[in-house]
Engineer: 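Shown below is the structure under consideration.
Numbered from 1 within each chain, the chains take letters A, B, ... in sequence-line order.
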Amino acid sequence: MDYLDTLSEAQREAVTHRDGPLLVLAGPGSGKTRVVTCRIAELIKSGVSPRQVLALTFTNKAADEMRARVEQLVPGESVWLGTFHRFCARTLRQNASLVGLAENYTIYDTSDARKALDQAVQAAEITLTHTTLDQIAHQISDAKNALVTPERFEPRRSSPVGAIVAKAYPAYQKQLLTSNAVDFDDLLLHIAVMLQENPELRASLDERYRYILVDEYQDTNFAQYCIVRALAQDYPNLAVTGDPDQSIYGWRGANLKNILSFEHDYDQVRVVRLEENYRSTKRILRVAGALIENNKRRKAKRLFTDNEDGSRVVLATYATQREEAEGIAARIADDIQSERRRPRDFAIFYRTNALSRALEFALRDQGVPYQMIRGLEFFQRKEVKDTLAYLQLLNNPRDDVALLRVINTPTRGIGKTTLTHLTNHARRYGVPLFEAARESGLIEALSKRAAVAVAKFVAMIDHLGAHVHEPVEELLGHLLSESNIREVYEKSEDDADHERLANIEELLTAARQFDEVHAGDNTLEEFLEQAALYSDTDDWETEQDKVTLMTMHAAKGLEFPVVFLIAVEDGLLPHQRSMDDPAQMEEERRLMFVAITRAQQQLQLSRARKREFRGQRRTTIPSGFLMELPRDEMELVDSAPDFPSWQEDSNEWDDDSAFFEDSPAEESSVDVRGESRSPATRHATAGLMTAAALGQDQATATPPVSPEKFKHGMMVEHPEYGSGTIIALGGTADLRSATVDFPAMGMEKKFMLKYSNLRPASEESA
DNA sequence: ATTCGCAAAGTTTTT
DNA sequence: CTTTGCGAAT
């Protein structure tokens, strides 16, 4: 076909390279997806059997998109294309016994896994001093991502938490095995271990998957790295694509080293660089490039584009988060009203989900349609989880977490005491809870009444069990009526319950759609697998003509004509928890790089001078990243430059603003807002503030106190830590620092005076 | 057993 | 500030 003619030289090189390892370093907007899909098509055309091709992605969304594109290129040919987790889930299904599981194992999501851990910790009688379940879970997850099995786990010496983890990890793993269940990390861990320990299986899978493609290789963790390696040994036809500058999942164990040292890991690697960008304007690209250059640990890369210069990147400063949200909403509304743009042209990104609230209000106010992409949501709702738990229990009766969730939902008189007895019985004989429930008549501690209630529950599950091979929708139908779930919600007076019923209906719809596609056997298992590995990000609908709101992480791989990135402030971007670690700071910078490079034509970065944080209004500090951006490409817009009152007595000012906004006098038809606001507040690019000057802004935020004023023994105030005494001073000029003892906090802290919000206590009264 | 109320805790990103 | 969890009371 002719698609080869439409590719650039570099793209074509990657697409037509057939055998041997291939590393495609693909900058943002360089047509990476196109290269991957064309490559799959090209392989098939050159005679490779589709079933020998394995394409692994990071998200379902990416997989779905690729599948659609491959289908266009080579209709009817089905290669295995999906996420790492799904690939592992399927492979584990076929070889479950090798790791002590049965093929009908359950995949626990994070909250299920947390419950299993809770169970395990209790059963092992581990006391949680100085730590929490969450902490333990994290450490276990880290260990699993690094392929450290329970037996091999060694806590760092003198780590009290580590010692607890060393006990909890094996107990947790045992609990999972008893329940015939795995968590997300296990999917990878089990497969990686399985490949290590079973050479013949490894060899056969290696042979089966002759051509492997891995997308977003920079996001792979150690377990994924090992899996890929194991499958590409005898047939190293491994093509990985990625961009080290877009690695944003370090917190989840992703290891940048995997892509940076790909050339050392494999022999005779062909490297193709895709550096031409087809997405963004020159200006946007230059801004992105200038930012990412500040990272030390990276492969230098030249990004360029043939696209036009475009408009300057706007750096907007608003007085409050509310003005930020309203300003953006007004501009969007204006552009839609005047038909310059459609809602779907816009995206608004933020670092944390919590930041979306003000935007939602503002957009709703303006009547702008929007869709918000959140991580989970649907499958996390109680009623949905309850219903799915029934299915899980039916599919895998050993699933203790599922049983605990459903045995008294809706209530059927099986209370805490009964459950304690059941649990004791189960632990004594080392059997799953459902087994214990089945023997309820034999448990002496149980009252007659309790035993009967349990027996009725068991009978109901058994009865439902007769329907497990029917289409999922039908099974769900039986389940909803026999369990009384439907009846309880229907009879309820509560509106919330009717909404729950609606959600269950939605689940039925999902089941019906699933049934249409999967007519074959084992459908229940697969349905549950899909549900477990699904996230709401996956069915983000491009066709919908709505403004998109999402986190920066969710934005990866997408593009929009107009992008707003909000809250570019110290502590949010970069995030507080990353600021003390240079490696994490680089990841934050990459995250911002990803966000910026989503924009095709227009980009606005913004911050608010004041932002509500944990219920408190706080003066913000502009993100240090802003100072790394090239002044020449930017346009600075300040919505309240001559309005200094936000500094000191801003409490009232803010309330005033709220008052005016709500007063009917200033009614908000779209165009009134848009016009009245923009000309008055826009400033010519020339003059005013430079990006560096914006940094000075932070000094203005708290009226500057010259570092020389601080003396040893002086009483000082810190907005966060309260009052304290200077017990040491060091450095000179910009480097002058003070060590302060805060008696109320029982701690000492060292500050760089130039940057700190420290002030002499006496100034308070003025 | 369920319900209500209060307290506490925790607020990054997701397969 | 919000959500979640736990404990008490009915």
Engineer: Check Ala402(A) against Ala389(A) and note the closest heavy-atom contact, atom names and distance.
Structural biologist: CB-O, 3.5 Å
Engineer: Tabulated below should be each protein N or O lying under 3.5 Å from an N or O of nucleotides 2-10 of chain B; please produce it.
Structural biologist:
residue	atom	partner	partner atom	Å
dT2(B)	OP1	Thr411(A)	OG1	2.6

Engineer: Rounded off to whole Å, could you give me the CG-to-P distance for the Leu355(A) and dC1(C) pair?
Structural biologist: 17 Å
Engineer: Output the rounded distance in Å from CG (Asp186(A)) to P (dT15(B)).
Structural biologist: 18 Å
Engineer: Using whole Å, report how far OH of Tyr249(A) lies from C1' of dT15(B).
Structural biologist: 9 Å
Engineer: Map Thr418(A) and Glu587(A) onto DNA chain B by nearest heavy atom, then report which one ends up closer to the 5' terminus.
Structural biologist: Thr418(A)
Engineer: Between the protein and nucleotides 5-10 of chain C, are there any N/O to N/O pairs under 3.5 Å, and if so, what are the atom names and distances?
Structural biologist:
none

Engineer: Starting at NE2 of His85(A) and ending at P of dT14(B), how long is that distance when rounded to a whole Å?
Structural biologist: 13 Å
Engineer: Quickly work out the Phe84(A) CZ to dT14(B) C1' distance and round it to whole Å.
Structural biologist: 16 Å
Engineer: Counting any heavy atom closer than 4.0 Å, what does Arg86(A) reach on the DNA or RNA strands: base, sugar-phosphate only, or nothing?
Structural biologist: nothing
Engineer: Starting from P on dT11(B), measure out to CZ on Arg357(A) and report it in whole angstrom.
Structural biologist: 16 Å
Engineer: Take the protein atom CG of Leu533(A) and the nucleotide atom P of dT14(B), then report the distance between them rounded to whole Å.
Structural biologist: 16 Å
Engineer: CG of Leu133(A) versus P of dT4(C): gap in Å, rounded?
Structural biologist: 17 Å
